[in-house]
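Data first, discussion second: the structure below is written as structure tokens.
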Amino acid sequence: MLHPLWLYVYGMRQNIPFTLTNAYFVSISTLNEVKKTEIKILVCLLHFFNPNRSKVVACWGFHLLVQSRIIKSMDENVNNNSRSAAENHGPPSIKLESFESFYNYGRAIMNTPSRLVNRVMARSMDEVELVEAKKQSQHEMKRTLSWWDLMWFGMGSVIGSGIFVLTGLEVKNHVGPAVVLSYVISGISAMLSVLCYTEFAVEIPVAGGSFAYLRVELGDFISFIAAGNILLEYVIGGAAVARSWTSYFATLCNQDSDKFLIQVKTLPHNYNQLDPLAVLVLIAVSIFAILSTKASSRLNYIASFVHVIVILFIIVAGLTKADAKNYSDFAPFGARGIFQSAAVLFFAYVGFDAVSTMAEETKNPGRDIPIGLIGSMVMTTLIYCMMAVTLCLMQNYSKVDENAAFSVAFEAAGLRWGKYIVALGALKGMTSVLLVGAVGQARYLTHIARSHLLPSWLARVNPRTGTPINATTIMLFATAIIAFFTSLDVLANLLSISTLFLFSLVAIALLVRRHYADGATKKSDVAKFCVCISLIVGSSVASAVYWTRTEGWFGYAITFPLWLVGTMGIWILVPIAKKAKIWGVPWVPLLPSASVGINIFLLGSLDVASFKRFGYWTLILVVYYLLVGLHASYDIAKLRDHNNNKEKENQLNLDEENQNNGVLALPQSSGN
């Protein structure tokens, strides 16, 4: 390889002016070395020109070739540096005007009322969620999932969370053998929600899941409140499953279900049984979720396959020990116990919404998501009902263990060896639930951060793994703290109320999507739609309140017709504003309206303490939104409007310039 100094000497011997030769030498000396082929080209060029001819021409040719090499090298360095910076620092942060100084923030707080009016019902657009929001993560998530992956993710995220965690607790204390009816009721409610989620996930296949859907249809404020409850749902759900994992592991080790819990008498009741093993399990699962989504899917395959085999064993082996006498008192707690347990056992179906967050990583969302979501929910409901019947036929409901129901039932039935298989299967199932939860909750947090309602560094996607590492870590930290301190019954009730609230909003959002479009829907139709929605929600709330206050049935003769009037009113009086492009929920508005009614009614079956905790958490979210989220959202909207106006102005100037050029060109051509 020739050194650039040789070129300098060669140029001097050819009498090329010193200043130019020196300049070339300085330029090329900025490179570590010059490719041999390039040097040959330069030498040949200089030899081509005779000294009597213009050496300046040779000199400039020499200069252009060297310069092109320098520019190429500089471009490579810039690209490498920018790529390195992107990997280390993520997307460039957007400066939010309200938070640039204390003065700006104080002025923003003073303008809170006007900004709240501006943003409380401000709706996003499909394109913003699909394109602009993704840019905040800089790197795309890898599209590696098929309907088969989603099917197993759906079953893995659901089966194990409730059937092993809460069935024993509800059977013994609230419902008895009628728990199968509770699973049917909560399964119908879950299926209606699945249908609503599926249409949204196909139309808006992004990692934000229900947060993105609500942001598009119900506006900024409601979507943020729902987002906070989404995060609460995942944290509480993961903590509950992790604590139940510890109980079944103790059973597998032939110990009492609370063997590995640490009792601390100085702490309050329901928060004094510490669970370090649950924290370790959460850490292990989160590490796997960080490494790869596809690898997580493969692990879920294995765990779910083993889990299905164990479930078949539970049903077949358990029914061999069935005793019909255990069904003699089918509903010892009456209808109220059935619906109360249905509200709590709705937790058993929580997790399918995590599959909708994987739409951004699905190869063909229009085909894969409906098959994966609906198929997994049908299979899950059938399995739950069969397992519930088996448990109550094996053992009298009053003797069912609250923490490890199936394992203890096998031991009581004389199948002591079987309890180890059951415990192992339960651990496999709950591991799948934790894994899918870790994957889904991180993607929720990522998309919320994309909207700048949370710090933007949570939106970063690692370029190597294609996963949101920061978001996964934060959710792990929150879940581990809750799992370490909080008892299972507190977690279950709080989880169900957040989930039912969220699913009700998603169903309402679907009605809005189908029957309202900005600028297209008439004001009279909007008024009719609002009246009908008010009837649906109001009658559902009235039914829930009536359920909690009295044991009579007369009130439902009033509330149900009101619900029906609201539903039929939308169908008859309000025209369709937007049809589903790829896959749509059938029988709209009947099915979404039924989802709203059932979810709100089940909310009325939960205890007062759960509503208090829910209210406290929602109040915290409202305060955060007013102090931070509102102003971040306002600044982003203002910046987006400024950029859009600037683009329009540039486009108008360009069109005007092109038009003027065309007018000037016409006389010239005619003159020729």
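Hydrogens, waters and symmetry mates play no part in the numbers below; they use all other heavy atoms, side chains included.
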Decide ring pair (Phe, Tyr, Trp, His ring centres under 6.0 Å) for Phe221 and Tyr625; before the verdict, give the C-alpha distance in whole Å, the side-chain angles of both, and the deciding distance to 0.1 Å.
CA-CA 8 Å; Phe221 175 71; Tyr625 181 79; 5.2 Å; yes
Stepwise side chain to side chain contact (heavy atoms under 4.5 Å, CB included) check, His515 with Val588
CA-CA 10 Å; His515 293 276; Val588 175; 4.1 Å; yes
Residue pair Asp149, Ser146: steps toward the side chain to side chain donor-acceptor pair (under 3.5 Å) verdict:
CA-CA 5 Å; Asp149 296 296; Ser146 65; 3.0 Å; yes
Given side chain to side chain donor-acceptor pair (under 3.5 Å), test Asn111 with Tyr634 step by step and report yes or no.
CA-CA 11 Å; Asn111 292 328; Tyr634 181 85; over 6 Å; no
Does the pair Phe339 and Phe601 meet the rule for a ring pair (Phe, Tyr, Trp, His ring centres under 6.0 Å), with working shown?
CA-CA 9 Å; Phe339 281 99; Phe601 181 77; 5.3 Å; yes
Any chance you could lay out the side chain to side chain contact (heavy atoms under 4.5 Å, CB included) test for Lys612 and Val608, step after step, and finish with the verdict?
CA-CA 6 Å; Lys612 288 182 178 179; Val608 177; 3.9 Å; yes
Apply salt bridge (charged side-chain N to carboxylate O under 4.0 Å, His left out) to the pair Lys581 and Glu199, showing each step before the final yes or no.
CA-CA 9 Å; Lys581 299 176 184 177; Glu199 178 171 334; over 6 Å; no
Apply side chain to side chain contact (heavy atoms under 4.5 Å, CB included) to Leu345 and Tyr183, showing your working.
CA-CA 7 Å; Leu345 291 174; Tyr183 273 118; 3.6 Å; yes
Mind running side chain to side chain contact (heavy atoms under 4.5 Å, CB included) on Tyr213 and Ser223 for me, showing each step along the way?
CA-CA 8 Å; Tyr213 315 151; Ser223 66; over 6 Å; no
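No side-chain heavy atom of Pro468 sits less than 4.5 Å from a side-chain heavy atom of Asn462. Taking the side chain as every heavy atom from C-beta outward, Val512 and Leu218 approach each other to under 4.5 Å. Taking 4.5 Å as the limit, every side-chain heavy atom of Leu116 sits out of range of all side-chain heavy atoms of Pro113. Residues Gln340 and Leu602 fail the side-chain proximity criterion, which asks for heavy atoms closer than 4.5 Å. The shortest side-chain heavy-atom distance between Arg513 and Glu203 falls under the 4.5 Å cut-off. Here the side chains of Val285 and Leu282 are not in contact, with every heavy-atom distance at 4.5 Å or above. Ser210 is listed as a side-chain neighbour of Leu502, based on a closest heavy-atom distance under 4.5 Å. A heavy-atom distance below 4.5 Å is found between the side chains of Leu626 and Val622.
Between atom CG of residue Leu454 and atom CG of residue Leu231 there is a gap of 7.0 Å, rounded to the nearest 0.5 Å. Taking OG1 of Thr567 as the start and CH2 of Trp587 as the end, the distance is 14.5 Å to the nearest 0.5 Å. Atoms CG and OG1, from Leu150 and Thr362 in turn, are 4.5 Å apart once rounded to the nearest 0.5 Å. Going from atom CE of Met568 over to atom CG of Leu564 covers 6.5 Å, rounded to the nearest 0.5 Å. For the atom pair Ile222 CD1 and Arg215 CZ, the distance stands at 14.0 Å (nearest 0.5 Å). In this structure, CD1 on Ile570 lies 5.0 Å from CG on Leu511, to the nearest 0.5 angstrom.
Lys528 NZ: more than 12 foreign heavy atoms inside a 6.0 Å radius. Environment of CZ in Phe477: sparse, with no more than 12 heavy atoms of neighbouring residues, nucleotides or ligands closer than 6.0 Å. Heavy atoms of other residues, nucleotides or ligands lying less than 6.0 angstrom from CH2 of Trp457 number more than 12. When the shell of 6.0 Å around CH2 of Trp583 is examined, it contains more than 12 heavy atoms from other residues, nucleotides or ligands.
Under a 3.5 Å cut-off, the side chain of Ser633 and the backbone N or O of Gly629 do not form any donor-acceptor pair. Side chain of Trp147 to main chain of Leu373: no donor-acceptor pair is present (N/O by atom type, distance under 3.5 Å, no hydrogens or angles). Of the possible donor and acceptor atoms, none in the side chain of Asn118 sits under 3.5 Å from a partner among the backbone N and O of Ser114. The backbone N or O of Val216 lies less than 3.5 Å from a partner atom in the side chain of Arg123, making a donor-acceptor pair. In terms of modelled atom types and a separation under 3.5 Å, the side chain of Ser101 and the main chain of Asn104 share a donor-acceptor contact. A distance-only check finds no donor-acceptor pair linking the side chain of Ser189 to the backbone of Ile185 [under 3.5 Å]. With hydrogens and angles ignored, the 3.5 Å screen pairs no side-chain donor or acceptor of Thr486 with any backbone N or O of Ala483. For Tyr105 (side chain) and Leu627 (main-chain N/O), a donor-acceptor pair under 3.5 Å exists by modelled atom type. With hydrogens and angles ignored, the 3.5 Å screen pairs no side-chain donor or acceptor of Thr479 with any backbone N or O of Leu476. Proximity of a side-chain donor or acceptor of Asp525 to a complementary backbone N or O of Thr521 within less than 3.5 Å is not detected.
The shortest non-hydrogen separation linking Leu453 to Tyr624 is O-OH, 2.9 Å. Listed here is the closest heavy atom pair of Val235 and Ala478: CG1-O, 3.9 Å. Summarising the geometry of Ala580 relative to Arg514, their closest heavy-atom pair is CB-NH2, 4.1 Å, with the distance given to 0.1 Å. In plain terms, the two heavy atoms of Thr472 and Ala442 that are nearest each other are OG1-CB, 3.1 Å. The two residues Ser504 and Asn599 have their closest heavy-atom pair at OG-CB, 3.0 Å. In terms of heavy atoms, Ile371 sits closest to Met151 at O-CE, 3.8 Å.
Ion pairing between Lys363 and Asp368 fails under the 4.0 Å rule for side-chain N and carboxylate O. With salt bridges taken as basic N to acidic carboxylate O contacts below 4.0 Å, one links Arg107 and Glu97.
Checked against the 6.0 Å centroid threshold, Phe560 and Trp563 count as a close aromatic pair. Between Phe614 and Phe501, a ring centre-to-centre spacing shorter than 6.0 Å is recorded. Checked against the 6.0 Å centroid criterion, the rings of Tyr197 and Phe503 qualify as a close aromatic pair.
A donor and an acceptor atom, one from each side chain of Ser98 and Arg115, are located under 3.5 Å apart.
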